[in-house]
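Contents: one structure, followed by commentary.
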Amino acid sequence: MTIGERYIWFKRAFYADKKLKALGALVQQLRERATGLVRASEGNDKGKSSTSKNGTESAYMQLAEVEAQYEESRAEAVKISDEIWQVIKSLHDDELEAVLINRYLNYMTIEKAAEFMGYSVATVKRKTKEAFQKLSRNDLE
């Protein structure tokens with residue numbers, strides 16, 4: 001795997017987390033919409049139309065579908081993070097591991113990781129590249 005391919009491979013957890021957060025927000029929005037439809041129709045037994053009932057049922061069905069997708073995405077995000085963690089541990093170098101953990105499991109920007117670790121931005125970039133090179137050598141062994 002080239003360094004560029006490895007970078008993309010490591011970023012998978014970041015994008016899985018972003019998708020999970022987006023789905024979580026969508027679940028919340030759909031839940032509010034569905035419960036709002038129920039509240040709007042409560043206490044109004046007279047003249048209830050089947051359209052109102054169908055709208056509520058449809059909202060709950062959509063909610064259930066998105067909740068299922070959320071759970072699948074959560075499981076996938078955990079799996080991806082675990083794969084990345086296993087690769088990071090294989091470095092057997094605390095300093096390089098710390099840089100990759102901050103960048104790819106804590107989702108820190110280069111600048112944030114540098115500040116957090118007391119390094120310069122250039123040092124974080126260099127250590128990330130060094131870690132990727134070491135991982136590439138490990139792939140060959």
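As a basis for the values below, the full set of heavy atoms in this structure was taken, side chains included, without hydrogen atoms, waters or symmetry mates.
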Residues in side chain to side chain donor-acceptor pair (under 3.5 Å) with [X], at least two apart?
X      : answer
Gln133 : none
Arg126 : none
Lys129 : none
Asp82  : Gln86

Leu135 and Trp9, any side-chain heavy atoms less than 4.5 Å apart: no
Any donor-acceptor pair under 3.5 Å from Lys19 side chain to Ser73 backbone: no
Backbone N/O of Val87 and side chain of Ser90: donor-acceptor pair under 3.5 Å: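 Answer holds: yes.
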Salt-bridge present (Arg31, Glu67; N to O < 4.0 Å): yes
Salt-bridge contact Lys89-Glu97 (side-chain N to carboxylate O under 4.0 Å):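 Here Lys89 does not pair with Glu97 in a salt bridge, since their nearest N and O are not under 4.0 Å apart.
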Test applied, side-chain contact (heavy atoms from CB on, under 4.5 Å); reference residue, Tyr104; option that passes from Leu100, Asn106, Ile101: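 Exactly one pass, corresponding to Leu100.
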Partners passing side-chain contact (heavy atoms from CB on, under 4.5 Å) against Glu72 (at least two apart in sequence or in another chain): Gln69
Hydrophobic cluster (4.5 angstrom, side-chain heavy atoms) - remaining members for Val99: Met108, Ile110, Phe116, Met117, Tyr119, Val121, Val124
